[in-house]
Amino acid sequence: MATLWIISNEDSKRLNAVESTFQGAESIAKAIGNASKVVVTIGPAENGPTSEVSTSDALQVIKAAQLAGVGHVAIIYDGNAAGASTYNVLDGISTFFNNIFSRSQPLSVPEFLQKVVETDVSYTFIKTNLTEDFSPESSYNVVVSAERIAGANDFKVAKSKIASLVADVFSNTAVAENKVVEVFTDPSAPARRVDELFSAIPEDGRRKAYAESRAKAKAEEEATIAAEKAREAAEATKKLEEEVKKLSVQEARAASLAEEAQEKAEVAGASVETLLNKAKDFGSGLSWEKLSSQVTTAVQNSAEKSKVQIATVRGQAKARSLQPTKAVVNKQPSFKLPSLKPKEEPKPKGKQTEGKTEVRKVFGGLFSQETIYVDDD
């Protein structure tokens, strides 16, 4: 039988009993306080505040330990779930409805371990089959092995043996840090220290695999972000190139229009210059003396023609036999310039009868028109 003893007053001062539920990690963290190490046992034989402790409840303890800054957590998983059943119909019905109306279905052991490795708390996961201290297995020595399928000679472990093993682990956490082990008893196994039991056990690869997968996911996320930024940069570059191309086309069109305008301006300038030159030539060839000479000649020719016509009429014998009538002769307009007036022929004295002359200004006073009225004897 296991040895029982009473806790002394000195030992009781080192204990701090608190009550907490598994409703939230924050409340559990307050209950943990400044403790540096935590142990939680999962199994139907472990009575929690309201019911047995499940893997989901234990996960809340792990999260609370992370919040409280706990250095190491020992997790005892009791695999006696099947053996704990009483095979009573009412017990089976009660378990069925408890699973239906529970907050969530308990996590499996692999799922629970995966959640544990996602935290930064150092852990030792001990899988075993617990028994009472008065059982024969309480006298056997414990054996620690890596994860494996249970053998036929694996005996259960007394609760006092597990408590002693956890105390040894807490005294040397470095040797058992981040390891998953199975513990059983063997009547033929020799007694060993905790470092001898755990030194041959490899470290759990789940946390390392999780760290690698997390780093890979982070690298993929960064690569995705970089690719997205590169795509956005490429689109921006493409848009910029299109804008530059549009500007180039507009500049080429503007240059073409400017060149066309320049050509038209040059042609227009040449035409104006030609007209100006022609105007200059016309102005230089225009002589008022020449113009007045031409006008004088025309007036003289007109006067001579009129005189000839008058002389012809006066010289005819038929004209003398006609009754005297008043004849009006319209003289052709003569172009009179102020400075270029032709000299009038002296009128013959004697038979020539003095006539009446009417002068009118035409073309704004630039020229004058003379009308001479002649009385024929």
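Taking 4.0 Å as the cut-off between side-chain N and carboxylate O, Lys239 and Glu232 do not count as a salt-bridged pair. In summary, Lys238 and Glu241 do not engage in a salt bridge, as defined by a charged side-chain N under 4.0 Å from a carboxylate O.
For the residue pair Ala58 and Val53, the shortest heavy atom distance occurs at N-CG1, 4.5 Å. The two residues Phe170 and Val38 come nearest to each other via the heavy atoms CZ-O, 3.5 Å. The minimum heavy-atom distance linking Ile32 with Ala68 is given by the pair CG2-CB, 4.0 Å. Of all heavy-atom pairs between Ala35 and Val70, the closest is O-CG2, 3.6 Å. Between Val73 and Ala65 the shortest heavy-atom distance is CG2-CB, 3.8 Å. Of all heavy-atom pairs between Ala25 and Lys63, the closest is CB-CB, 4.0 Å.
Taking 4.5 Å as the limit, some side-chain heavy atom of Ile162 sits within range of a side-chain heavy atom of Leu130. Looking at Leu165 and Phe198, their side chains come closer than 4.5 Å, going by heavy atoms from C-beta outward. Under the 4.5 Å side-chain criterion, counting only non-hydrogen atoms from C-beta, Val144 is not in contact with Glu182. The shortest distance between side-chain heavy atoms of Val40 and Ile76 does not fall below 4.5 Å. Within the 4.5 Å cutoff, no side-chain heavy atoms of Val143 are placed close to those of Thr185. Inter-residue side-chain proximity for Phe125 and Leu113 is flagged as met; some heavy-atom pair is nearer than 4.5 Å. Within the 4.5 Å cutoff, the side chain of Ile42 has heavy atoms near those of the Ile75 side chain.
The line from OG1 of Thr173 to NZ of Lys37 is 6.0 Å long, rounded to the nearest 0.5 Å. Summarising the geometry, atom NZ belonging to Lys229 is positioned 10.0 Å from atom CD belonging to Glu222; distances are rounded to the nearest 0.5 Å. Annotation: the span from Gln60 atom CD to Thr55 atom OG1 amounts to 11.0 Å, rounded to 0.5 Å. Here the straight-line distance linking atom CG of Leu67 with atom CD1 of Ile62 works out to 11.5 Å at 0.5 Å rounding. Remark: Arg207 CZ to Asn178 CG distance equals 4.5 Å, nearest 0.5 Å. Between the OG atom of Ser160 and the CD atom of Glu132 there is a distance of 10.0 Å, given to the nearest 0.5 Å.
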### Message
Does Phe112 form a side-chain contact (heavy atoms from CB on, under 4.5 Å) with Leu59? I'd like the steps, not just the answer.
### Response
CA-CA 7 Å; Phe112 172 75; Leu59 182 61; 4.1 Å; yes

*Apply side-chain contact (heavy atoms from CB on, under 4.5 Å) to Tyr77 and Ile126, showing your working.*
CA-CA 6 Å; Tyr77 181 81; Ile126 299 172; over 6 Å; no

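Using modelled atom types, one side-chain atom of Ser248 and one backbone atom of Val244 make a donor-acceptor pair closer than 3.5 Å. Within the 3.5 Å criterion, the main-chain N or O of Glu220 finds a donor-acceptor partner in the side chain of Thr224. Between the side chain of Ser27 and the backbone N or O of Gly24 there is at least one donor-acceptor pair closer than 3.5 Å. Judged by distance alone, with hydrogens and angles left aside, the side-chain atoms of Ser171 form a donor-acceptor pair with the main-chain N or O of Asp168 at under 3.5 Å. Listed for the Asn141 side chain is a donor-acceptor partner under 3.5 Å among the backbone atoms of Ala189. Using a distance-only test at 3.5 Å, with no hydrogens or angles considered, a donor-acceptor pair links the side chain of Asp57 to the main chain of Ser54. Judged by distance alone, the side chain of Ser139 and the main-chain N or O of Pro136 form a donor-acceptor pair under 3.5 Å. Side chain of Lys179 to backbone of Ile201: a donor-acceptor contact under 3.5 angstrom is found. Panel note: side chain Ser135, backbone Thr131; no donor-acceptor pair is recorded below 3.5 Å.
Under the rule for a side chain to side chain donor-acceptor pair (under 3.5 Å), Arg192 has no partner lying at least two apart in sequence or in another chain. Scanning for salt bridge (charged side-chain N to carboxylate O under 4.0 Å, His left out) contacts around Glu228 gives Arg231, with sequence neighbours left out.
For residues 114-125, the set of pairs meeting the side chain to side chain donor-acceptor pair (under 3.5 Å) definition, not counting sequence neighbours, comprises Gln66-Asp120, His72-Thr124, Ser122-Glu177, Tyr123-Asp204.
Here the two rings, on Phe155 and Tyr140, have centers that are under 6.0 Å apart.
Hydrophobic cluster membership differs between Leu197 and Phe184, with clusters built from Ile, Leu, Val, Met, Phe, Trp and Tyr side chains linked at under 4.5 angstrom.
Between the side chains of Ser138 and Asp133, no donor-acceptor pair of N or O atoms lies under 3.5 Å.
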